[in-house]
Amino acid sequence: MTKIKACLFDLDGVIVDTAVYHFQAWRRLANELGFDFTEHQNEQLKGISRMESLELILSWGNVSLTQDEKNDWATKKNAWYLDLVKLMTPNEVLEGVPEFLDELKANNIKIALGSASKNSKLILERINMLHYFDAIIDGNNITKGKPDPQVFQLGAEATNCKPEECVVFEDALAGVQAGKAGGMKVIGVGSEEILKEANFIISSFKEISIEKLRTLEETP
Ligand code: B16
Ligand code: MG
């Protein structure tokens, strides 16, 4: 039996739904370049980096740009996105998250962030959640994106825990795969269909408790 000592949380789709703001800002970029894309296509952008997202969107619009132009558009998109982030409030934290993090703290379980975003600290500040985190690993610290396990491996190291002592919470398939590849237990947050590789799936944090988390200690 391995005791769980740390929980590693993805940000977008797990702590807060910033995907809606990414969608608005990316859509503005597409529209300025003369095309549009759907909310369904936006699903593919969840969990992947800013530049990977841009490449995918440009391919949908059949637009080719030089590297400098890509960098300029990515900078513009981020500025539009940050204008929306600055308006975020603590009311946007997803249901049940603060209560569960309080429970983890009360049980001396470490809390770390494992996000692809380069804006994670600002977002956590806006929603008043920064104080919960013992470590923040995000797009500023990593060289390889999910499904590579690097972001979660760094989270485990930062909390002084072995991978098997960590549980990852993820809403994207690439993130579930990253946690699994890192040798961690993974709880999927969202749909059964997309996240079936996870150890188990919750549809919201109202469905998780310290007792349920502890059941993972018995799983090989
Ligand atoms: P930024 P996560 C990811 O966050 C988002 O899901 C993804 O859509 C975004 O492209 C990525 O962060 C990078 O974000 O442009 O803010 O650096 O799910 O890994 O918390
Ligand atoms: Mg996510």
Side-chain angles (χ1 to χ4, degrees), residues 7-30 37-60 70-86 88 92-94 97 111-127 129-130 132-133 135-155 168-179 182 186-191 194-195 197-198 201-205:
C7 285
L8 314 179
F9 293 87
D10 174 51
L11 179 62
D12 174 30
V14 170
I15 305 281
V16 69
D17 185 14
T18 41
V20 288
Y21 304 124
H22 281 296
F23 181 45
Q24 282 183 48
W26 282 130
R27 228 181 140 198
R28 180 167 171 187
L29 174 144
F37 67 94
T38 65
E39 205 166 345
H40 182 69
Q41 284 172 297
N42 189 59
E43 285 300 306
Q44 294 180 50
L45 307 178
K46 290 186 176 175
I48 66 167
S49 73
R50 194 180 307 168
M51 291 316 279
E52 283 173 313
S53 304
L54 177 64
E55 293 290 355
L56 208 52
I57 293 165
L58 294 176
S59 76
W60 295 335
K70 284 178 191 171
N71 293 342
D72 289 350
W73 280 107
T75 303
K76 272 194 207 175
K77 180 268 171 180
N78 196 50
W80 296 328
Y81 174 65
L82 288 180
D83 284 344
L84 298 167
V85 165
K86 282 174 199 147
M88 288 177 79
E92 293 178 57
V93 176
L94 294 176
V97 173
I111 299 173
L113 192 82
S115 165
S117 175
K118 292 188 171 172
N119 299 303
S120 69
K121 274 201 185 128
L122 183 72
I123 295 164
L124 289 175
E125 258 166 28
R126 288 298 318 158
I127 58 174
M129 296 292 283
L130 189 58
Y132 278 109
F133 289 84
I136 293 191
I137 310 296
D138 70 7
N140 299 296
N141 311 100
I142 56 174
T143 52
K144 291 175 256 179
K146 302 165 188 176
D148 188 280
Q150 187 188 42
V151 70
F152 296 127
Q153 285 167 335
L154 292 174
V168 166
F169 287 81
E170 255 295 346
D171 72 312
L173 175 61
V176 171
Q177 291 169 336
V186 181
I187 298 181
V189 184
S191 107
I194 301 171
L195 305 170
E197 294 174 31
I201 294 160
I202 54 174
S203 57
S204 103
F205 276 84

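From a predicted model like this one, the values you see are computed outputs, not experimental measurements. Counting starts at 1 for both ligands and their atoms, in listed order.
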> Taking 4.0 angstrom as the limit, do Lys70 and Glu55 come out as a salt bridge?
Replying inline: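 Counted as a salt bridge, because a side-chain N and a carboxylate O are separated by less than 4.0 Å.
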
>> So that I can tick it off, tell me whether Asp10 and Lys146 are bridged by a salt bridge, with the cut-off set at under 4.0 angstrom between side-chain N and carboxylate O.
In response: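 Yes, Lys146 and Asp10 are salt-bridged.
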
>> If the criterion is any heavy atom closer than 4.0 Å to an atom of ligand 1, which residues make the list?
In response: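 Only Asp10, Leu11, Asp12, His22, Leu45, Lys46, Gly47, Ile48, Ser49, Arg50, Ser53, Tyr81, Ser115, Ala116, Ser117, Lys118, Asn119, Lys146 have heavy atoms that fall under 4.0 Å of ligand 1, ordered by chain and number.
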
> Under 3.5 Å, is there a donor-acceptor pair linking the side chains of Asn119 and Asn78?
Replying inline: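 Result is yes, a qualifying pair exists.
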
>> Rounded to the nearest 0.5 Å, what separates atom CG in Leu56 from atom CD1 in Ile48?
In response: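 Here the interatomic distance stands at 5.5 Å.
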
> Which word best sums up how the rings of Phe9 and Phe169 line up, parallel for under 30°, tilted for 30 to 60°, or perpendicular for over 60°?
Replying inline: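 Judged by the thresholds at 30° and 60°, the geometry between Phe9 and Phe169 is parallel.
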
>> Can you check the angle at the Mg ion (ligand 2) formed by OD1 of Asp171 and O of Asp12? Round it to the nearest 10°.
In response: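 Asp171 OD1 and Asp12 O form an angle of 90° at the Mg ion (ligand 2).
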
> Relative to the Mg ion (ligand 2), which of the N, O or S atoms in Asp10 is the closest?
Replying inline: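 Per the distance ranking, Asp10 contributes OD2 as its closest N/O/S atom to the Mg ion (ligand 2).
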
> Counting distance only, does the side-chain N/O of Asp171 pair as donor-acceptor with the main-chain N or O of Val14 below 3.5 Å?
Replying inline: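 Between the backbone of Val14 and the side chain of Asp171 there is no qualifying donor-acceptor contact (under 3.5 Å).
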
> Does any N or O in the side chain of Thr18 come within less than 3.5 Å of the main-chain N or O of Tyr21, such that one atom is a donor and the other an acceptor?
Replying inline: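 A pair under 3.5 Å: no.
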
